[in-house]
Amino acid sequence: MKIGLIADLHVDRHIDLTPNDYAKVLSQSVRQHEVDLLIIAGDIANRNDIVVDFIQRLEQLTDITIRFVPGNHDLWTSEDQPSTAEILQRYRDMDECLVGSPYIINDAWAIVGNTGWYNYSYASSKFTQERLARGKFYGATWQDKERIDLPYKDLELAERAVEHTKEDLAKVGDRQIILVTHVVTHPQFVVPLPHRLFDFFNAYLGTSKFADIYHHYPIRYSVMGHVHFRKRLTDQDIEYICPCLGYPRQWRTADISREMTQTLQVIEI
Ligand SMILES: [Fe+2]
């Protein structure tokens with residue numbers, strides 16, 4: 001079975017192309033790679049209605065099973081939108097959402113997913129926890145501070161994400177696991193320090209709290225997004241994969257088909 005992996009599609013961020021164009025291009029890549037099941041590791045769009053429509057459209061076009069975890073952007077709210085908690089519940093009510101509902105592939109394999117949350121662990125130690133909790137650095141504000149309205153602090157969210165992931169891991173027995181998070185869970189996937197901006201903003205990229213999970217559960221693959229890298233790394237028999245499409249300005253070419261096909265990673269189980 002071939003499983004396709006992709007993250008950070010940001011289908012509403014292109015000047016010329018629509019979310020439907022992204023769905024068409026991704027479905028072509030899925031066909032080209034002969035993928036049987038597709039995992040999206042978060043950040044489909046900035047609005048939940050676009051996220052839901054995109055997944056439905058992609059299912060129509062590909063006719064394969066799709067599973068996703070919401071990214072931080074997928075959870076953003078605004079004045080005319082439901083709260084983040086309501087948006088998360090909307091996703092959880094979908095069959096395609098992995099949060100709270102692991103996907104059992106067969107007797108040997110399962111997919112477990114959670115957005116995860118950052119716990120500031122990858123920032124430079126020169127910043128205090130209070131400063132990082134404010135999210136402001138040289139006139140720039142980490143946008144989750146303004147667009148996420150959950151009633152928990154980041155460090156509480158990071159803890160809760162680990163607990164919820166463990167609850168879902170317990171549901172899949174002793175199967176081998178493909179773990180999907182949106183935020184980064186491995187130190188080699190954040191921006192190398194020192195860095196003018198990411199000394200600070202690395203705080204919001206990942207969590208160190210999943211280390212325990214890798215030690216205690218049979219994780220074989222760990223899929224993540226959020227950092228807009230495209231990178232694979234094997235560490236202690238676990239393959240970490242970060243298959244981010246990212247924003248058009250971050251692409252190497254202007255050709256979406258080429259970028260999509262190069263970004264989509266495939267694992268075979
Ligand atoms: Fe993203």
Side-chain angles (χ1 to χ4, degrees), residues 4-15 17-19 21-23 25-26 29 38-55 58 66-78 81 84 87-88 91 97-99 113-120 122-123 135 137 140-148 150 154 157-158 161 180-186 188-191 195 197-198 200-207 222-232 240-252 256 259-260 262-265:
L5 313 170
I6 201 147
D8 294 79
L9 292 163
H10 292 286
V11 301
D12 53 350
R13 292 291 297 264
H14 200 289
I15 296 171
L17 302 178
T18 66
D21 294 326
Y22 274 72
V25 173
L26 180 51
S29 292
L38 180 68
I39 295 173
I40 306 175
D43 273 9
I44 291 170
N46 287 353
R47 285 176 59 105
N48 63 95
D49 46 359
I50 300 177
V51 172
V52 173
D53 286 351
F54 178 80
I55 289 170
L58 195 58
I66 294 171
R67 287 294 179 273
F68 80 105
V69 299
N72 55 317
H73 282 246
D74 302 314
L75 294 168
W76 279 5
T77 184
S78 59
Q81 292 293 305
T84 297
I87 293 169
L88 179 56
Y91 295 144
C97 183
L98 288 164
V99 179
N114 192 284
T115 304
W117 206 255
Y118 39 78
N119 72 341
Y120 310 159
Y122 300 123
F137 188 62
T141 302
W142 180 249
Q143 282 298 290
D144 289 352
K145 296 288 166 196
E146 297 176 349
R147 306 288 299 269
I148 300 277
L150 290 170
D154 289 330
L157 286 171
V180 186
T181 59
H182 179 60
V183 306
V184 165
T185 58
H186 190 288
Q188 294 222 20
F189 286 83
V190 295
V191 180
H195 186 284
L197 294 173
F198 280 89
F200 186 81
F201 286 108
N202 262 354
Y204 316 104
L205 295 191
T207 175
S222 181
V223 186
M224 60 191 83
H226 195 44
V227 285
H228 295 197
F229 290 168
R230 301 172 188 173
K231 176 170 168 170
R232 286 175 85 137
Y240 296 83
I241 305 170
C242 186
C244 294
L245 182 68
Y247 300 135
R249 64 178 155 80
Q250 297 167 323
W251 297 351
R252 287 158 211 173
I256 186 174
E259 296 292 325
M260 193 76 81
Q262 285 179 354
T263 305
L264 184 74
Q265 297 295 300

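Order of listing sets the numbers, starting from 1, for every ligand and every atom in it.
Distances from the Fe ion (ligand 1) show that H73 has no N/O/S atom below 2.8 Å. Taking 2.8 Å as the threshold, H226 does not count as a candidate ligand of the Fe ion (ligand 1), since none of its N, O or S atoms lies below it.
Contact of the F198 side chain with the V190 side chain is not registered, since no non-hydrogen atoms from C-beta on lie closer than 4.5 Å.
Taking a cutoff of 4.0 Å between a charged side-chain nitrogen and a carboxylate oxygen, D154 and K145 qualify as a salt bridge.
The backbone N or O of L245 lies less than 3.5 Å from a partner atom in the side chain of R230, making a donor-acceptor pair.
At the Fe ion (ligand 1), the angle from OD2 in D8 to NE2 in H228 is 90° when rounded to 10°. In this structure, NE2 of H10 and OD2 of D43 enclose an angle of 90° at the Fe ion (ligand 1), rounded to 10°.
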#### Entry: Check against side-chain contact (heavy atoms from CB on, under 4.5 Å), D144 and Y118
CA-CA 11 Å; D144 289 352; Y118 39 78; 2.7 Å; yes
